[in-house]
Amino acid sequence: MRHTKRLLMSLLSAGALVVSLGLLGAPASAHAWVTDLPSRQHYCSDGTLDDCGAIQWEPQSVEGPKGFPESGVVDGQICSAENGSFAQLDNPRGGNWPATNVSGGEYSFTWEHTARHSTTKYSYWITNGSYTALDPLSRSDLNLEPLYEEYLNGRQPNTYETHTFNIPQLSGRQLILAYWEVADTGNAFYACIDVDFDGNGDPGDPGDPGDPGDPGCGGLSEWASADVYTSGDEVQHGGNQYRAKWWTQGEEPGTTGEWGVWENLGSC
């Protein structure tokens with residue numbers, strides 16, 4: 001009996017040690033995606049597109065090895081972060097991904113974090129003259145001099161991080177690669193953003209400033225009580241700009257308070 005007790009205690013201790021080691025070795029949870037200008041995963045998650053696979057439920061999870069462009073994910077699998085579950089993001093869709101109409105000038109890009117994590121930096125690159133929207137993205141398609149970088153040096157980001165910078169005047173369909181590098185794991189998050197300099201994209205996309213004939217607030221639609229809004233959707237109401245934090249319908253912006261569904265982005 002004494003021997004049996006000793007054996008049982010040894011097994012329990014070994015099991016606890018394995019569980020503890022497993023927890024210590026588990027990667028930290030850190031997730032985010034670009035909602036504005038809309039990334040491919042955002043279009044999949046907000047219902048704009050179908051045939052997206054698993055990414056429609058977890059746009060925040062496009063996570064792969066960091067070190068881009070020197071290392072990191074492989075060519076042809078950059079938009080999916082080399083994650084086979086999200087391979088639909090690498091599919092060019094015949095060059096027909098929804099694209100935001102842009103021109104050269106200043107634009108803002110917003111990351112939404114569902115799990116904020118110690119951060120090294122955010123980086124952005126834009127495609128070059130060899131890019132064609134008919135092929136999966138490779139390093140040779142990008143101007144590897146970043147458009148913009150912001151270093152947090154280990155700081156935890158806000159739930160929404162917005163970066164404003166100039167993009168050059170190009171022509172036709174192009175792609176902007178957004179990159180969030182986590183500080184204390186080996187991973188980074190990738191987001192591909194399709195843009196169109198020739199005005200053949202969707203002029204109503206969020207974050208598209210200054211479309212001819214747009215009303216105020218950068219062309220944002222007026223909030224409507226009957227409409228359904230999901231995380232990242234932006235509206236104007238009462239002279240202010242608001243962003244939805246999660247799914248909502250019938251909740252009037254400006255009445256939900258600081259902790260409510262609508263984040264007040266200021267007057268417009």
Side-chain angles (χ1 to χ4, degrees), residues 26-68 72-73 77-91 93 97-98 100 108-125 137 148-150 152 154-163 175-194 205-207 228-234 242-248 259-263 265:
S29 175
H31 298 91
W33 79 106
V34 178
T35 60
D36 187 7
L37 279 56
S39 59
R40 290 183 175 182
Q41 53 259 56
H42 187 68
Y43 280 126
C44 283
S45 68
D46 74 357
T48 299
L49 295 173
D50 53 15
D51 298 326
C52 283
I55 195 63
Q56 65 185 301
W57 297 295
E58 43 183 327
Q60 73 279 6
S61 299
V62 186
E63 178 182 14
K66 66 185 181 183
F68 193 89
V73 295
Q77 300 179 44
I78 295 173
C79 294
S80 68
E82 204 175 324
N83 188 323
S85 299
F86 306 143
Q88 290 87 345
L89 297 174
D90 295 312
N91 182 350
R93 289 181 174 245
W97 278 95
T100 302
S108 294
F109 297 79
T110 298
W111 287 82
E112 179 175 344
H113 299 79
T114 58
R116 300 181 297 136
H117 202 61
S118 175
T119 295
T120 300
K121 64 177 180 178
Y122 298 88
S123 301
Y124 297 82
W125 297 269
L137 182 68
Y148 178 81
E149 290 194 308
E150 180 166 322
L152 268 62
R155 178 174 67 79
Q156 187 183 48
N158 298 313
T159 299
Y160 296 98
E161 286 283 335
T162 297
H163 308 118
L175 187 148
I176 295 171
L177 175 64
Y179 172 87
W180 171 39
E181 187 171 293
V182 175
D184 53 4
T185 77
N187 292 331
F189 289 77
Y190 296 73
C192 285
I193 303 161
D194 295 273
D205 286 339
V228 171
Y229 301 96
T230 58
S231 175
D233 286 345
E234 294 186 8
Y242 294 89
R243 180 189 292 125
K245 300 177 185 176
W246 52 81
W247 188 98
T248 180
W259 306 110
V261 62
W262 290 108
E263 177 187 11
L265 300 179

According to side-chain hydrogen bond (donor to acceptor under 3.5 Å, both in side chains), who are the partners of Trp262, at least two apart in sequence or on a separate chain?
none

Backbone N or O of Ala191 within a donor-acceptor pair of the Ser39 side chain at under 3.5 Å?
no

Trace of the side-chain contact (heavy atoms from CB on, under 4.5 Å) decision for Trp180 with Thr119:
CA-CA 8 Å; Trp180 171 39; Thr119 295; 2.8 Å; yes

State which residues pass side chain to side chain contact (heavy atoms under 4.5 Å, CB included) with Ala81; sequence neighbours excluded, sorted by chain then number.
Val62, Val73, Tyr190

Of all residues at least two apart in sequence or in a different chain, which pass the side chain to side chain contact (heavy atoms under 4.5 Å, CB included) check with Ala87?
none

Can the ring centroids of Tyr179 and Phe189 be said to lie less than 6.0 angstrom from one another?
no

N/O donor to acceptor pairs below 3.5 angstrom from side-chain atoms of residues 50-57, sequence neighbours left out:
from	atom 1	to	atom 2	distance (Å)
Gln56	NE2	Gly53	O	3.1

For Ser45, which residues count as a side-chain hydrogen bond (donor to acceptor under 3.5 Å, both in side chains) partner, sequence neighbours excluded?
none

Take Ile78 and Phe68 through the test side-chain contact (heavy atoms from CB on, under 4.5 Å) and record every step on the way to the result.
CA-CA 10 Å; Ile78 295 173; Phe68 193 89; 3.9 Å; yes

Whether the side chain of Lys245 engages the backbone of Thr230 through a donor-acceptor N/O pair (distance < 3.5 Å, no angle test) should be reported.
no

With sequence neighbours left out, the residues meeting side chain to side chain contact (heavy atoms under 4.5 Å, CB included) with Ser231 are Trp33, Glu112

Would you check if the side chain of Arg116 reaches a backbone N or O of Asn158 as a donor-acceptor pair within less than 3.5 Å?
no

Between Asn83 (side chain only) and Ser85 (backbone N and O only), is there a donor and an acceptor less than 3.5 Å apart?
yes

Taking only residues two or more places apart in sequence or in another chain, which ones pass side-chain hydrogen bond (donor to acceptor under 3.5 Å, both in side chains) with Thr48?
Asp46

Suppose we screen for ring-ring contact (aromatic ring centres under 6.0 Å, His included). Which residues come up paired with Tyr148, at least two apart in sequence or across chains?
His163, Phe165

Donor-acceptor under 3.5 Å (Trp97 side chain, Asn91 main chain)
yes

Contacts of Ser80 that satisfy side-chain hydrogen bond (donor to acceptor under 3.5 Å, both in side chains) - sequence neighbours left out
Asp90

Residues that Thr162 engages under side chain to side chain contact (heavy atoms under 4.5 Å, CB included), provided they are two or more places apart
Ser108, Thr110, Thr164, Arg243

Say whether Asp184 and His117, considering side chains only, have a donor N or O and an acceptor N or O under 3.5 Å apart.
yes

Do Tyr160 and Trp111 pass the side-chain contact (heavy atoms from CB on, under 4.5 Å) test, and can you show the C-alpha distance, the side-chain angles, and the key distance before you say yes or no?
CA-CA 6 Å; Tyr160 296 98; Trp111 287 82; over 6 Å; no

For a side-chain contact (heavy atoms from CB on, under 4.5 Å) check, start with the C-alpha distance between Glu181 and Leu152, then their side-chain angles and the critical distance, and finish with the verdict.
CA-CA 10 Å; Glu181 187 171 293; Leu152 268 62; over 6 Å; no

Salt bridge (Lys or Arg N to Asp or Glu O under 4.0 Å) against Lys121, all qualifying residues, sequence neighbours excluded:
Glu149

